[in-house]
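Heads up, the thing below is written out as structure tokens.
Here, residue 1 is the first one in the sequence, and each next residue gets the next number. The analysis underlying the following values was restricted to heavy atoms, covering all of them including side chains, and did not include hydrogens, waters or symmetry mates. Just so it is clear, the model here is predicted, and its values are computed rather than measured.
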Amino acid sequence: MRMRPTLNWLPTEDPLPGTTDPEPVAEALSAGGVLVLSGAGISTESGIPDYRSEGGSLSRHTPMTYQDFTAGPHARRRYWARSHLGWRTFGRARPNAGHRAVAAFARHGLLTGVITQNVDGLHQAAGSEGVVELHGSLARVVCLSCGVLSPRGELARRLEEANRGFAPVAAGINPDGDADLTDEQVEGFRVLPCTVCGGVLKPDVVFFGEAVPPRRVEYCRTLVREATSLLVLGSSLTVMSGLRFVRQAAQAGKPVLIVNRDPTRGDRHAAARVALPLGTALSALAARLDVPVDDELTA
């Protein structure tokens with residue numbers, strides 16, 4: 001039996017004071033061997049909201065949990081209607097200055113890897129290679145019966161055909177690609193089965209309340225062991241899936257640096273938290289280290 005997922009976190013001790021001086025991050029990058037762990041905050045400048053900042057999606061929206069999704073067809077209809085509408089916007093998002101800076105640091109040999117908690121694929125679109133998608137990707141769909149993976153675009157085309165005229169106005173789009181719609185707006189939406197076995201389709205992402213695959217977790221732990229320092233970008237570290245790597249790095253005596261405007265659950269383990277917008281901070285760091293960053297990509 002699984003517990004309900006942790007969606008919010010409140011500090012129980014004085015938070016680590018944020019600084020606007022990125023020098024500790026610059027020093028870590030200059031030394032090389034940095035492992036990046038990114039969260040929703042790095043994608044906000046691409047038009048994808050985060051969960052927990054002021055005005056974040058959790059203030060108006062409870063994410064779908066694995067338990068709810070697998071419980072019955074009503075929840076799946078609600079999810080797929082909202083996700084299908086959200087995909088139209090989510091799929092058009094483009095990498096921002098923060099994503100491009102991370103890719104540039106990697107090309108310059110300053111990083112050992114990138115782990116992202118995001119499901120938007122924007123690190124890869126910016127040119128980062130070997131990105132570990134801790135929570136999966138919205139660009140793929142998996143069948144819960146036969147396990148076959150298929151492109152999200154393929155399902156989107158099928159859903160468009162099966163739900164002609166479906167064009168409700170959403171109140172907002174969330175970090176998981178889910179649009180805010182009412183029950184009335186999703187009524188009648190047709191959910192489609194797997195084309196191979198007729199089973200239930202699910203986005204290839206780790207829902208709240210679902211466990212990250214153990215082999216993926218162990219691979220990330222190996223990356224932490226091999227890194228010299230850990231750089232957290234835009235994550236509140238509220239959920240254990242990311243926080244465990246911060247704890248691992250700190251326990252091993254590796255410096256943990258965080259760039260996040262608000263306090264995080266990992267601050268107690270960090271050497272410094274830089275409270276600056278990510279695009280601004282990472283672009284400035286790239287310039288300071290004389291690392292060329294690609295111009296905005298259009299593809």
Find out whether [X] and [Y] are in side-chain contact, i.e. whether some heavy atom of one side chain is under 4.5 Å from a heavy atom of the other.
X: Val217; Y: Arg244; value: yes
X: Trp80; Y: Leu155; value: yes
X: Leu37; Y: Leu237; value: yes
X: Cys194; Y: Cys146; value: yes
X: Thr228; Y: Lys254; value: no
X: Pro168; Y: Leu85; value: yes

Please confirm whether the backbone N or O of [Y] pairs with a side-chain atom of [X], one donor and one acceptor, at under 3.5 Å?
X: Arg100; Y: Pro95; answer: yes
X: Arg77; Y: Phe189; answer: yes
X: His99; Y: Asn96; answer: yes
X: Asn118; Y: Ala40; answer: yes
X: Ser43; Y: Ser46; answer: no
X: Ser137; Y: Ala139; answer: yes
X: Arg190; Y: Asn163; answer: no

Glu218 vs Arg225, salt bridge (charged side-chain N to carboxylate O under 4.0 Å, His left out): CA-CA, chis, key distance, verdict: CA-CA 10 Å; Glu218 186 51 41; Arg225 286 193 292 270; 3.0 Å; yes
Worked check of side-chain contact (heavy atoms from CB on, under 4.5 Å) between Phe245 and Leu35: CA-CA 10 Å; Phe245 305 124; Leu35 174 63; over 6 Å; no
Does atom [atom1] of [X] have more than 12 heavy-atom neighbours, drawn from other residues, nucleotides or ligands, at distances under 6.0 Å?
X: Asp290; atom1: CG; answer: no
X: Arg261; atom1: CZ; answer: no
X: Arg221; atom1: CZ; answer: yes

Distance-only polar pair, side chains of Glu226 and Thr112, donor-acceptor under 3.5 Å: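 No, because no side-chain N or O of Glu226 sits under 3.5 Å from a partner of the opposite role on Thr112.
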Under 3.5 Å side-chain donor-acceptor pair for Arg216 and Ser241: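 Per modelled atom types, Arg216 and Ser241 side chains form no pair under 3.5 Å.
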Option among His123, Arg140, Gln117 that satisfies the side-chain hydrogen bond (donor to acceptor under 3.5 Å, both in side chains) test with Glu133: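 Of the listed options, the one satisfying the test is Arg140.
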Minimum-distance pair of heavy atoms, taken over all atoms of [X] and [Y]:
X: Phe166; Y: Ala81; answer: CE2-O, 3.6 Å
X: Arg82; Y: Leu181; answer: NH1-O, 3.3 Å
X: Val200; Y: Phe69; answer: CG1-CE2, 4.1 Å
X: Thr264; Y: Ser236; answer: CB-O, 3.3 Å

Using the rule that two of Ile, Leu, Val, Met, Phe, Trp, Tyr join whenever any of their side-chain heavy atoms come within less than 4.5 Å, decide whether [X] and [Y] are in one cluster.
X: Tyr66; Y: Val205; value: yes
X: Val142; Y: Leu159; value: no
X: Tyr219; Y: Val114; value: no
X: Val206; Y: Phe208; value: no
X: Val246; Y: Leu111; value: no

Intermediate values then yes/no, side-chain contact (heavy atoms from CB on, under 4.5 Å), Ser235 and Asn260: CA-CA 7 Å; Ser235 176; Asn260 200 66; 5.6 Å; no
Pair Val259-Leu285, side-chain contact (heavy atoms from CB on, under 4.5 Å): steps then yes or no: CA-CA 12 Å; Val259 184; Leu285 283 164; 5.6 Å; no
Value rounded to 0.5 Å, distance of OG1 in Thr19 from CD1 in Ile258: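 Separation between the atoms: 13.0 Å.
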Pairwise distance CG(Asp120) to NE2(His135) - rounded to 0.5 angstrom: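 Answer for the CG-NE2 pair, Asp120 versus His135, is 12.5 Å.
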Which one of [options] satisfies the side-chain contact (heavy atoms from CB on, under 4.5 Å) criterion with [X]?
X: Val141; options: Lys202, Glu154, Arg152; value: Arg152
X: Leu278; options: Val274, Leu282, Leu276; value: Leu282
X: Ser229; options: Val34, Val25, Val256; value: Val34
X: Cys143; options: Thr195, Leu201, Leu149; value: Leu201

Derivation and outcome, side-chain contact (heavy atoms from CB on, under 4.5 Å), residues Val102 and Ser38: CA-CA 10 Å; Val102 169; Ser38 71; over 6 Å; no
